Amino acid sequence: MQKIILLLALITFNIASSQTKKKQILLVGTFHYANPGLDVAQINSFNIMSEESQKELETMSDKIKKFGPDKIFVEWEFKKQADLDKFYNKNTDSLLKTNKSEITQLALRTAKKLNHKKLYGMNLYTPFRYDSLMIAMEKANQKDLIKRNDESTKNFEKQHNEKIKKSTLQEMMLYYNTKEAENENLQWYLEVANRAGNPDDFSGPSLVSNWYKRNLYMYSLIQKLTESTDTKIMVLVGAGHASIIREFIMHDPTFEIVELSTVLK
């Protein structure tokens, strides 16, 4: 009788454990390898095609393969998943030699090693009206805020460009996933953008809320596309997105974050 009770207790415990076990998310914030020049800050390009960088990418992708994500999410427009599927099925060697984006160089490289059938696009654009923000500051005669905005942008450009000169790719990636870097990414939105404009002008909060909305949309897709059979996933996004998505994950009991530094150690 005692054995039966013990067996039932173990079964109940195992069921409860399986129901509460969190799915692991390897959240990877990154700078844009191909540097399309679409961000407010204009930064120098990193030589992602150098022999050293390519070796590092092989090592990083091997270690992520060992972590074993069931799905890899990337910053590709969700509505253009069919295009991503076609892109994914192109000749891998050719893509790795010609396409500099982080989607190709890190996500696709890793997914192919894992024998994944596809990458998952989860980007949804929302308006980012930076010009309206600057006009609102001018109208409100916010000279100090304009100066702070210029200094913030120049400091970021200088810091990133100095790191490029002296850092390896892995060192760059690890830096952009530190608490310090994530705080710097978030700081501008609340320190500068949200203050922009006269009291009755909400151009600043509108830009900030649209930025948060975009990240919420992206996180919603991560939630919806992660299936019950998935135990681990990887999310590769720009570092600015990662700093906000991290906050969402921390308040979602379904998931737990696995740090990039842990996987690459």
Side-chain angles (χ1 to χ4, degrees), residues 27-48 75 77 100-102 122-167 171-220 235-251:
L27 179 63
V28 182
T30 182
F31 63 99
H32 293 302
Y33 293 178
N35 189 16
L38 299 178
D39 294 327
V40 173
Q42 296 302 301
I43 56 178
N44 294 339
S45 297
F46 189 92
N47 187 4
I48 200 68
E75 202 176 326
E77 191 68 9
K100 298 180 181 180
S101 79
E102 62 273 11
M122 48 84 186
N123 190 31
L124 282 165
Y125 284 105
T126 55
F128 192 88
R129 298 188 175 93
Y130 184 75
D131 289 346
S132 297
L133 188 78
M134 298 309 297
I135 291 170
M137 289 185 196
E138 293 284 356
K139 285 183 178 179
N141 197 30
Q142 293 175 309
K143 293 179 180 179
D144 288 344
L145 193 62
I146 292 171
K147 182 180 178 182
R148 195 183 310 174
N149 179 59
D150 290 341
E151 289 174 348
S152 177
T153 302
K154 288 175 182 176
N155 286 339
F156 176 79
E157 291 171 351
K158 181 182 178 182
Q159 185 183 57
H160 178 87
N161 293 338
E162 286 178 351
K163 285 186 178 299
I164 280 181
K165 291 179 182 178
K166 62 183 180 181
S167 302
E171 287 171 344
M172 291 286 291
M173 293 296 293
L174 289 173
Y175 168 74
Y176 274 106
N177 286 274
T178 61
K179 191 71 175 176
E180 175 190 357
E182 288 182 346
N183 285 342
E184 287 173 356
N185 267 304
L186 281 173
Q187 185 173 325
W188 178 83
Y189 291 96
L190 298 177
E191 181 189 15
V192 177
N194 208 52
R195 284 187 165 93
N198 287 306
D200 61 345
D201 181 347
F202 294 97
S203 300
S206 177
L207 181 145
V208 175
S209 61
N210 276 332
W211 178 248
Y212 269 81
K213 185 189 292 185
R214 180 179 172 189
N215 286 283
L216 274 171
Y217 286 169
M218 293 167 77
Y219 187 61
S220 176
V235 177
L236 178 66
V237 287
H241 296 293
S243 59
I244 297 177
I245 291 174
R246 174 181 288 273
E247 294 297 317
F248 299 155
I249 297 171
M250 289 174 63
H251 297 286

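From a predicted model like this one, the values you see are computed outputs, not experimental measurements.
Annotation: side chain of L133 is not in contact with side chain of R129 (no heavy-atom distance under 4.5 Å). Residues V192 and Q187 have side chains not in contact (no heavy-atom distance under 4.5 Å, counting atoms from C-beta outward). Looking only at side-chain heavy atoms (C-beta outward), K158 and E162 come within less than 4.5 Å of each other. A 4.5 Å side-chain heavy-atom check between N149 and M134 finds at least one atom pair inside the cut-off. For the pair E75 and M218, the minimum side-chain heavy-atom distance is below 4.5 Å. Using a 4.5 Å heavy-atom cutoff, the side chains of T30 and M173 are in contact. Put simply, the side chain of H241 reaches to within 4.5 Å of the side chain of W211, judged on heavy atoms. Put simply, the side chain of V235 reaches to within 4.5 Å of the side chain of M122, judged on heavy atoms.
Here the side chain of N177 pairs a donor or acceptor atom with the backbone of G29 at under 3.5 angstrom.
Interatomic distance, Q142 CD to R195 CZ, rounded to the nearest 0.5 Å: 10.0 Å. Annotation: the span from R148 atom CZ to K143 atom NZ amounts to 16.0 Å, rounded to 0.5 Å. If you take OH on Y189 and OH on Y212, they are separated by 9.0 Å, rounding to the nearest 0.5 Å. The OH atom of Y130 sits 12.0 Å away from atom CD1 of I135, with the distance rounded to the nearest 0.5 Å. Considering CD of E157 and OG of S152, their distance stands at 10.0 Å, rounded to 0.5 Å. Within the model, atoms CD1 of I249 and CG of L27 stand 5.0 Å from one another, a figure rounded to the nearest 0.5 Å.
The shortest heavy-atom contact between P127 and N210 is O-CB, 3.3 Å. Scanning both residues, A242 and V237, for their nearest heavy atoms gives N-CG2, 3.7 Å. Pairing each heavy atom of K139 with each of N198, the nearest pair is O-ND2, 4.0 Å. Of all the heavy atoms in A196 and M137, the pair that sits closest is CB-CG, 3.8 Å. Between L186 and S243, the shortest heavy-atom distance links the atoms CG-OG, 3.7 Å. For H251 against E247, the heavy-atom pair with the smallest separation is CD2-O, 3.0 Å.
Ring geometry for Y33 versus F31: interplanar angle of 30 to 60°, hence tilted.
The aromatic ring centres of Y219 and Y217 sit 6.0 Å or more apart. Checked against the 6.0 Å centroid threshold, Y176 and H160 count as a close aromatic pair.
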Identify each donor-acceptor pair in which a side-chain atom of residues 201-208 lies under 3.5 Å from a protein atom, sequence neighbours left out, and give them as a table.
| from | atom 1 | to | atom 2 | distance (Å) |
| --- | --- | --- | --- | --- |
| D201 | OD1 | S203 | N | 2.9 |
| D201 | OD1 | S203 | OG | 2.6 |

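The environment of CG in N183 is crowded: more than 12 heavy-atom neighbours from other residues, nucleotides or ligands sit within 6.0 Å.
Among residues two or more places apart in sequence or in another chain, the salt bridge (charged side-chain N to carboxylate O under 4.0 Å, His left out) test is passed with E184 by none.
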